[in-house]
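What follows is a single structure, written as structure tokens, with notes after it.
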Amino acid sequence: DGFSSDRLFNQGYSYTYDDVIFLPHYIDFPTDSVHLASNLSRRIPLSIPCVSSPMDTVTESHMAISMAALGGIGIIHSNLTSSEQAHMVRSVKSRRVPLLSNPVFKSPSDRIQSDDVFDASNPYVLVTESGSPNSKLLGYVAGKDWVKLGDKEVKIYDYMVNCTDFTVPWSYDLGDLVATVRENEVVDVVAKEQVERIKGYPKLGVGTVGPDGTWRVGAAIGTRESDKERLEELVKAGVDVVVLDSSQGNSIYQIEMIKYVKKLYSNLDVVGGNVVTVSQAQNLIQAGVDGLRVGMGSGSICTTQEVCAVGRGQATAVYKVASIASQSGVPVIADGGISNSGHIVKALVLGASTVMMGSFLAGSTEAPGVFVYQNGRRVKKYRGMGSLEAMTKGSDQRYLGDTAKLKIAQGVVGAVADKGSVLKFIPYTMQAVKQGFQDLGASSLQSAHDLLKSSVLRLEVRTGAAQVEGGVHGLVSYEKKSF
Ligand code: XMP
């Protein structure tokens with residue numbers, strides 16, 4: 001019944017996740033016996049197979065901390081200066097709980113508008129003498145007080161709460177006190193409401209911590225000369241893995257960079273990509289990559305396939321690359337095109353070790369940026385790193401050759417609906433993925449890969465009508481009215 005994966009993916013068609021469907025297998029264990037532990041790259045184990053994409057509307061410190069707390073990992077984007085990126089890595093490493101980061105600093109004479117600065121992850125503005133983090137703390141302004149003022153632009157000075165109290169344990173002696181005062185720069189604000197908020201979320205087991213007990217975090221870099229300095233700064237900040245960020249990874253530039261990283265920092269994992277074919281993958285494996293990122297033009301904001309006429313359906317790409325990468329023990333990251341838990345099941349069973357997500361995470365509390373109201377819905381901006389808007393800010397290296405002068409967009413800017421906190425919806429998503437694995441009789445990623453390879457798991461292609469049938473259909477919206 002159905003086709004083996006080998007037969008299905010060798011017919012000359014490029015399939016994406018929605019094109020294919022698994023036939024159910026046999027269940028002989030409960031959902032709780034499904035384990036989704038996996039590896040991002042050779043030396044980075046994860047307890048859930050989830051990675052947040054290095055995009056400037058997806059992963060900065062707050063997202064990376066939360067992904068690590070859940071047992072996944074975040075990759076900090078590189079559309080900022082190397083010292084800003086290194087600062088974000090340090091900020092992830094300096095925390096224990098998945099709370100906010102990146103406090104905003106202002107001076108008393110500054111003016112702010114509430115929608116400039118305040119959101120769920122930034123409920124306070126810290127007021128220092130000069131308006132920068134390295135000067136004396138004078139007080140704070142709370143977002144909830146500011147909201148009462150409406151949209152008026154007001155001077156901070158009139159609304160700040162002075163912050164003169166500083167308490168230490170009674171057992172401190174003078175030496176401790178002096179050291180504390182000297183050491184205490186303001187690094188963050190933790191609000192009581194947020195502590196309450198994270199207490200309520202389901203737990204998913206262990207977080208992703210390295211041998212030194214800090215959260216693990218990755219960072220994206222490019223392949224230019226200046227990226228070698230970026231790399232050094234990131235390594236000093238304690239980065240655990242670097243991801244070479246390119247839409248077509250099979251290039252001399254990337255191969256040289258992989259060799260450079262491995263020669264200089266043999267214990268630092270380097271992920272190469274993106275690739276979608278067996279020969280692209282083979283080249284990067286030969287160069288020494290520790291992980292491969294798979295996908296070209298399958299992302300929700302991507303226009304690469306339309307603009308450049310290259311790419312591959314994501315289900316085929318993941319299957320083909322994973323089949324070759326598994327022979328060398330190189331984990332595959334299925335990057336882009338994930339919009340529901342079923343897509344995650346498909347990516348993982350087809351051979352991926354993890355899924356990398358952009359739009360799926362972009363509307364969350366932890367994503368950078370502020371929520372705005374659009375046609376009565378709360379939304380956050382989500383943009384392709386190859387969109388003109390993002391490239392103007394600096395991400396052109398991923399999409400342009402070194403000498404290109406004209407910028408050709410390979411992505412778009414849009415908005416995604418408010419999804420709440422990743423700490424809440426990722427555990428639910430993982431539970432759904434476990435149920436998918438149970439239906440297939442696979443209790444782990446390894447067992448799913450084995451069942452697929454031995455042709456026990458069977459698949460079929462869905463016709464257009466079968467895809468419509470497989471989604472919600474034939475309903476009108478139900479509004480409860482009382483007569
Ligand atoms: P999703 O579907 O999760 O995809 O939103 C995220 C992935 O899309 C890639 N990406 C782009 N691809 N033009 C592209 O062709 C772009 O502007 C762009 N920006 C991001 C990237 O691999 C990301 O992880």
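Both ligands and their constituent atoms are indexed starting at 1 by order of listing. Values in this document were obtained by computation on a predicted structure and should not be read as measured data.
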Sub-4.0 Å atoms of ligand 1 with respect to non-hydrogen atoms of [X]:
| X | result |
| --- | --- |
| Met357 | 3 (O) |
| Ile301 | 8 (O), 10 (N), 11 (C), 18 (C), 19 (N), 20 (C) |
| Ser300 | 1 (P), 2 (O), 4 (O), 5 (O) |
| Ser53 | 23 (C), 24 (O) |
| Ser387 | 17 (O) |
| Tyr382 | 1 (P), 4 (O), 5 (O), 6 (C) |

Using a 4.0 Å heavy-atom threshold (strictly under), name the region of [X] that reaches ligand 1: side chain, backbone, both or neither.
| X | answer |
| --- | --- |
| Phe360 | neither |
| Met55 | side chain |
| Pro54 | neither |
| Thr304 | both |

Please determine if [X] has a nitrogen or oxygen closer than 3.5 Å to a nitrogen or oxygen of ligand 1.
| X | result |
| --- | --- |
| Met385 | yes |
| Gly336 | no |
| Gln410 | yes |
| Gly386 | yes |
| Asp335 | yes |

Can you find a non-hydrogen atom of [X] under 4.0 Å from ligand 1?
| X | result |
| --- | --- |
| Gly295 | no |
| Gly337 | yes |
| Arg293 | yes |

With a 3.5 Å distance limit and no angle check, can you tell me whether Gln280 reaches the backbone of Val321 through a side-chain donor-acceptor pair?
no
Heavy-atom donor-acceptor pair, Thr16 side chain to Gly313 backbone, under 3.5 Å
no
Salt bridge present between [X] and [Y] (N-O < 4.0 angstrom):
| X | Y | value |
| --- | --- | --- |
| Arg293 | Asp245 | yes |
| Lys346 | Asp19 | no |
| Glu232 | Lys236 | yes |
| Lys434 | Asp32 | no |
| Arg224 | Asp227 | no |

Under the salt bridge (charged side-chain N to carboxylate O under 4.0 Å, His left out) criterion, do Asp56 and Arg383 qualify, and how do the steps go?
CA-CA 8 Å; Asp56 60 6; Arg383 68 181 183 197; 2.6 Å; yes
Are side-chain heavy atoms of Ile44 and Asn39 found at a separation under 4.5 Å?
no
If the plane angle is over 60° it's perpendicular, under 30° parallel, otherwise tilted; pick one for Phe360 and Phe425.
perpendicular
Are a donor atom and an acceptor atom from the side chains of Ser246 and Gln254 found within less than 3.5 Å of each other?
no
